[in-house]
Amino acid sequence: MGLQALFFYIFAFVAIASAFMVVASRNPVHSVLFLILTFFNAAGLFLLAGAEFLAMILLVVYVGAVAVLFLFVVMMLDIDLGRIRSGVLEYAPIGALVGVILLAELIVVLGGSFVSPQVAQNVGVPIPDFAVRSNTAALGDLLYTDYVYFFQIAGMVLLVAMIGAIVLTLQHNRSVKRQDIATQVARNPQTAVETRTVKPGQGI
Amino acid sequence: MDGFFSTYVLPTLLMIGETLLLLVCLLLFIAYALLADRKIWAAVQLRRGPNVVGPFGLFQSFADLLKLALKEPIIPAGANKGIFLLAPLVAVTLALATWAVIPLNQGWAIANINVGILYIFAISTLEVYGVIMAGWASNSKYPFLGALRSAAQMVSYEVSIGFVIVTVLLTVGSLNLSDIVLSQRDGLGTMLGLPNSLLDWNWLALFPMFIVFFISSLAETNRPPFDLPEAESELVAGYMVEYSSMPFMMFMLGEYAAIMLLCSLTTILFLGGWLPPLDVAVLNWVPGVIWFVLKVCFVFFMFALVKAFVPRYRYDQLMRLGWKVFLPISLASVVVVAFVLKLTGWA
């Protein structure tokens with residue numbers, strides 16, 4: 001138990017410190033890198049809680065894909081640091097408001113289980129025993145068996161959003177040369193080569 | 001105090017010992033894989049390759065190591081110093097960290113975790129950060145272009161690698177790497193009434209996926225013909241342009257560790273891991289780890305041959321291959337395999 005507590009404090013401390021640095025660091029690229037470190041430590045916390053599947057999926061999806069695109073965009077932007085700094089105080093109240101709301105929600109969720117034993121019981125129920133069912137299989141049961149329609153609908157919503165984004169931004173530029181693999185493969189000597197007999201002293 | 005020693009200190013020491021042993025063996029193996037890569041490349045082009053240092057050039061990699069270690073590391077004035085030095089560390093650490101879950105033989109994994117394959121997938125998706133950080137921190141045009149290319153390339157091919165892994169997992173029914181190997185003892189060959197042999201391994205039953213996985217892993221590790229992030233003819237050396245000495249060596253090491261990892265992942269997923277090719281007494285006496293290393297060498301040989309005789313892809317062709325060819329094929333195969341398993345009841 002001692003080692004678990006040690007690792008918990010390491011992960012928790014680094015996660016909070018790097019979350020702070022996301023906001024505090026001057027360079028946006030550094031902010032994104034600290035955000036990645038925060039994700040990484042959150043995955044460590046998931047592992048300690050026994051949610052191994054969630055931990056790995058957090059790494060694959062958020063760190064491996066979402067944060068890469070994030071970093072990609074932030075690196076490409078030509079950011080004027082001075083202009084960003086000047087707006088900090090304007091947005092501070094909004095940030096504080098979001099923070100207060102999140103804090104209140106956390107208090108409601110956590111406080112509920114302390115106040116009422118009934119809630120605490122319900123919170124404990126959905127997790128199956130690790131010895132009986134690994135949590136990968138348990139999550140699979142939930143997503144693909146119990147709530148399969150909701151899962152499919154969520155997938156459809158994402159698909160529609162993706163197609164919508166493509167339709168809105170796709171512009172066919174006529175001046176760009178495109179490669180058509182099918183026509184290239186279908187080329188043969190008859191269509192590609194023309195033989196001409198050239199008389200001496202005359203060009204074509 | 002005695003309890004403290006046996007519960008904490010001894011297991012920790014044992015784990016550190018195992019890890020060191022694995023890393024030393026792995027680094028030695030990488031040193032000779034590098035040499036083999038150059039030798040095979042040379043043989044295809046009718047050259048001799050490195051043959052000066054030691055007999056047949058066997059000590060070439062160590063000479064290179066010494067040369068790189070003794071040179072001066074140069075950090076460009078405009079570089080972001082911290083990230084510039086962090087990038088090679090990230091690359092090499094992640095590439096070596098994945099080896100923790102690879103089972104070299106029955107029960108020979110340092111960490112035999114339930115979600116082993118997901119762990120490998122998760123950590124190898126992070127390897128792109130080494131490249132992006134290096135490209136950005138160098139504060140120079142060629143490295144940055146190389147980094148952007150590699151970010152897009154690695155993210156694209158991870159998608160098809162992920163689906164190929166899913167098809168294998170569907171047939172196995174477990175995310176544990178040792179279970180994946182053990183499930184290949186029985187397969188297509190035994191269904192036809194043959195004894196346990198190499199026909200049972202997944203490469204035959206999932207042959208198209210084997211090919212897709214092989215080509216995607218070339219792209220994932222930035223090996224030729226997909227080495228666009230470091231294309232020396234257009235980007236000089238891509239994200240590695242500004243690196244010299246030890247940081248450069250760490251990138252090389254990370255790259256080859258990642259290649260070896262994908263070779264052994266191919267071995268585990270498709271070539272039956274440590275299982276002998278025929279279930280007869282003579283072959284069963286050979287330790288499983290020998291079979292494992294032989295299979296990894298075979299896959300690496302194919303990697304090296306591809307490097308030697310396939311010309312580099314153009315960037316738009318690379319993206320077309322990833323998104324318009326491999327993604328539909330692997331996605332369709334997930335559906336087909338799932339249907340076949342469900343309808344025949346083999347799962």
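Every chain is numbered from 1 and lettered A, B, ... according to where its sequence line falls, protein lines coming before strand lines.
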Task: Atom OH of B/Y142 with >12 non-hydrogen neighbours under 6.0 angstrom - done: no
- [ ] Indicate yes or no: at least one non-hydrogen side-chain atom of B/N114 is less than 4.5 angstrom from one of A/F53.
- [x] no
TODO: Measure the CG-CD distance between B/L118 and A/E52 for me, rounded to the nearest 0.5 Å.
DONE: 9.0 Å
- [ ] Measure A/A43 against the heavy atoms of chain B and call it side chain, backbone, both or neither at under 4.5 Å.
- [x] neither
Open item on the list: Taking the side chain as everything from C-beta on, heavy atoms only, tell me whether B/F144 gets closer than 4.5 Å to A/M75.
Closed with: yes
Task: Those residues of residues 32-42 of chain A, ordered by number, that approach chain B below 4.5 Å (heavy atom to heavy atom) - done: A/L33, A/I36, A/F40
Task: Side-chain touch A/V68/B/M154, heavy atoms, less than 4.5 angstrom - done: no
TODO: Taking all heavy atoms of B/W136 and all of A/N27, pick out the closest pair and write down the distance.
DONE: CH2-ND2, 3.6 Å
TODO: Pick one of side chain, backbone, both or neither for B/E127, based on which atoms fall under 4.5 Å of a heavy atom in chain A.
DONE: neither
- [ ] Find the one option among B/L175, B/V155, B/L126 whose heavy-atom pairs under 4.5 Å with chain A are most numerous.
- [x] B/L126
- [ ] Mind checking the OG1-CE spacing from B/T125 to A/M56? Nearest 0.5 Å is all I need.
- [x] 10.5 Å
Task: Taking every non-hydrogen atom, the tightest pair across A/F72 and B/L148 - done: CE1-O, 3.6 Å
Open item on the list: Sub-4.5 Å heavy-atom contacts with chain B: which residues of residues 58-65 of chain A show up?
Closed with: A/L59, A/V60, A/V63, A/G64
Open item on the list: Between B/L86 and chain A, with a heavy-atom cut-off of 4.5 Å, which part of the residue counts as in contact: side chain, backbone, both or neither?
Closed with: neither
Open item on the list: Can you tell me which portion of B/I132 sits under 4.5 Å from chain A's heavy atoms? Options are side chain, backbone, both or neither.
Closed with: both
Open item on the list: Quick check on A/I181 against chain B: is it the side chain, the backbone, both or neither that has a heavy atom closer than 4.5 Å?
Closed with: side chain
